[in-house]
There are 2 protein chains.
Amino acid sequence: MSDQHIAVAAEHSFTGQDPHAVEQNDAGNWLIQRMHPADFDLLRPHLRRVPVISGDQLAEAGSAIETVCFPESGVAGFLDVLDDGRKIAVGLLGREGFVGWPLLMGNDRWPHEVMARGRDGTALQIDASRLKKAVAVSPGLGNFLVRYASAFVTQMSRTLVSNLIHSIERRTARWLLLYHDRLDSDELTITHEELSIMLGVRRASVTEALHQLEGNGSIRGHRGKLVIRDRAALVALTCETYGQAEAEYLRLIEPSAAI
Amino acid sequence: MSDQHIAVAAEHSFTGQDPHAVEQNDAGNWLIQRMHPADFDLLRPHLRRVPVISGDQLAEAGSAIETVCFPESGVAGFLDVLDDGRKIAVGLLGREGFVGWPLLMGNDRWPHEVMARGRDGTALQIDASRLKKAVAVSPGLGNFLVRYASAFVTQMSRTLVSNLIHSIERRTARWLLLYHDRLDSDELTITHEELSIMLGVRRASVTEALHQLEGNGSIRGHRGKLVIRDRAALVALTCETYGQAEAEYLRLIEPSAAI
DNA sequence: GTTGGAGCGCACGGTACCGTACAGAAACAA
DNA sequence: TTGTTTCTGTACGGTACCGTGCGCTCCAAC
């Protein structure tokens with residue numbers, strides 16, 4: 001967040017460059033890190049590091065996509081918003097992706113609400129119009145970014161399956177893994193209430209599920225916090241709904257080859 | 001299917017053109033119809049009309065995308081395949097879309113199994129490599145096609161929500177609407193068994209749900225067939241999980257404007 | 001220290017599903 | 001006709017959820 005922002009700026013001030021400039025090697029976002037350097041050069045003049053506070057609304061369902069951001073820490077929950085105001089989580093995104101993939105699919109409006117979660121941190125932000133121009137110049141960049149969208153859709157698909165066939169305990173295990181993957185710490189800052197929204201169930205059901213997970217030693221719960229103690233046990237509980245989407249991400253993003 | 005194929009070929013034989021050539025106006029697929037004529041010209045030499053029989057496997061999860069097809073009749077169910085062989089439906093596609101949208105998202109492998117359903121009919125098929133070349137020549141075509149992918153993802157998202165918050169009766173109503181939209185007739189050829197796969201529930205639960213729908217007069221059931229008698233009643237049952245994705249399709253596809 | 005709120009534990013009856021199973025009815029083949 | 005398969009109706013006990021509500025505990029604010 002702000003402190004970090006200042007720290008990063010200071011770190012580079014001695015180079016004589018714009019102190020606000022973002023460099024590819026110090027970017028905390030995996031897509032920024034792994035994109036072709038020439039593509040990064042297209043984006044760099046327009047990238048700015050901004051603070052992201054847990055609870056921030058990064059996008060409003062139905063409104064125009066004006067800025068896109070590449071998280072460097074924390075997570076972003078994608079929520080489908082119903083007419084009655086209820087919100088159901090359809091996916092989770094962190095520093096491995098970017099908030100704005102619908103733009104790369106030709107959509108100029110947010111299909112979901114996006115909420116910052118997990119921890120306060122930073123993101124690299126760019127105006128949607130700038131990104132579109134860069135993609136027009138470099139089709140390879142567009143292809144690279146839309147491959148992430150493909151990976152996210154796979155995650156959505158697995159979430160759908162998990163919701164349909166698994167108990168709340170298993171679904172909770174899966175969601176904790178999605179969180180854990182995207183944060184640096186084994187200690188997750190999350191309440192039962194928030195998990196219940198993500199899973200689309202009662203808060204009390206989450207409490208019960210977490211007790212079961214505590215029972216077999218895979219997690220420890222404190223007030224507003226959860227500590228991951230046995231990841232393997234969690235993975236085992238998710239059966240096949242965790243891992244495939246993550247492998248798909250690596251397959252699609254790791255190689256810089258275009259289709 | 002084959003009969004229709006021959007009929008279409010005969011219809012054009014007197015023009016002196018290649019009897020197998022596909023014309024934009026007589027294509028039954030909405031995307032083919034609505035794409036820019038110049039883009040259609042890029043595809044035309046490589047398009048072929050092929051029969052599609054209900055039950056055909058159009059794609060195998062995990063295998064390479066070699067051909068892409070634009071259905072002219074019937075529907076295609078997208079299924080996530082689990083390690084134990086169980087299959088869960090994540091979406092439905094018909095003549096309004098195309099089987100192969102993952103390719104336009106930079107993915108060279110099928111993320112799902114795709115099964116032809118509903119009725120026998122035809123599709124316009126093209127080799128994936130040919131389509132990629134056409135998209136490389138015309139970015140506008142790529143943008144147009146990937147916008148359909150965006151609409152499909154919205155449908156997936158609503159399916160996820162529907163599975164999470166609605167009773168089997170409501171989810172059945174929604175699925176019947178998705179079918180009905182993509183077929184010409186009020187009479188749907190579908191068994192309880194098949195619906196149960198699509199909804200991820202017991203076959204007996206579907207039977208029960210259909211009886212409820214018959215009870216309020218919205219459908220009539222026969223052996224292997226269902227007749228839609230009151231669409232509005234079905235729509236009402238789906239609450240907000242039907243309609244939004246369909247509106248999104250029109251918003252993204254109707255105008256030929258690029259972003 | 002007191003107060004207030006947020007987070008959590010727990011309990012109640014209710015119900016919408018589940019897995020399984022079996023038999024009748026319709027379509028089809030020989 | 002007879003058999004065979006497919007589709008449908010129905011039943012059973014079991015359970016994993018649900019909506020609701022209430023009270024405890026921790027923590028922060030004052």
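Throughout, a chain's letter reflects where its sequence line sits, starting with A, and its residues are numbered from 1.
- For the 3.5 Å distance criterion, the side chains of A/Asn107 and B/Ser150 qualify, holding a donor opposite an acceptor.
- Closest to the A/Thr207 side chain, of the nucleotides C/dA21, D/dC18, C/dC8, is C/dC8.
- As rounded to whole Å, 14 Å separates atom P of D/dA16 from atom CZ of A/Arg171.
- Note: CD (B/Glu169) to P (C/dC17) measures 9 Å, nearest angstrom.
- Looking at the side chain of B/Arg223, the nearest of the listed nucleotides D/dT10, D/dC26, D/dC7 is D/dC7.
- In this structure, the CG atom of A/Leu210 is 15 Å from the C1' atom of C/dC10, given to the nearest Å.
- Residue B/Ile168 places its side chain closer to C/dC18 than to any other of C/dC18, D/dT8, D/dC18.
- One atom, NE2 of A/His166, and another, P of D/dT15, lie 19 Å apart when rounded to the nearest Å.
- The CG-P distance, from B/Asn163 to C/dA16, rounds to 18 Å in whole Å.
- Taking the centre of each ring, B/Phe152 and B/Phe78 come in below the 6.0 Å mark.
- Taking atom CD1 of residue A/Ile219 and atom P of nucleotide C/dC8, one finds them 11 Å apart after rounding to whole Å.
- Side-chain proximity of B/Ser167 to the nucleotides C/dC17, D/dG9, D/dC17 is greatest for C/dC17.
- Side-chain contact of B/Thr207 with B/Arg203: a donor-acceptor pair under 3.5 Å is present, judged by distance alone.
- Side-chain N/O atoms of A/Asp120 and A/Ser54 include no donor and acceptor closer than 3.5 Å.
- Per the geometry, CZ belonging to A/Arg86 stands 12 Å off P belonging to D/dC18, to the nearest Å.
- When distances run from any side-chain atom of B/Ala204 to the nucleotides C/dC17, C/dG19, D/dT10, the shortest one goes to D/dT10.
- Spacing between atom NZ of B/Lys225 and atom P of C/dA26 amounts to 14 Å, rounded to whole angstrom units.
- For A/Gly200 and A/Arg203, each mapped to the nucleotide of DNA chain D holding its nearest heavy atom, the one lying further toward the 5' end belongs to A/Gly200.
- Here the side chain of A/Thr191 is nearest to one of D/dC18, C/dC18, C/dC8, namely C/dC8.
- The A/Arg202 side chain lies nearest to D/dG19 when the options are D/dT8, C/dG9, D/dG19.
- A/Tyr242 and A/Asp181 are linked by a side-chain donor-acceptor pair at a separation below 3.5 angstrom, with hydrogens and angles left out of the test.
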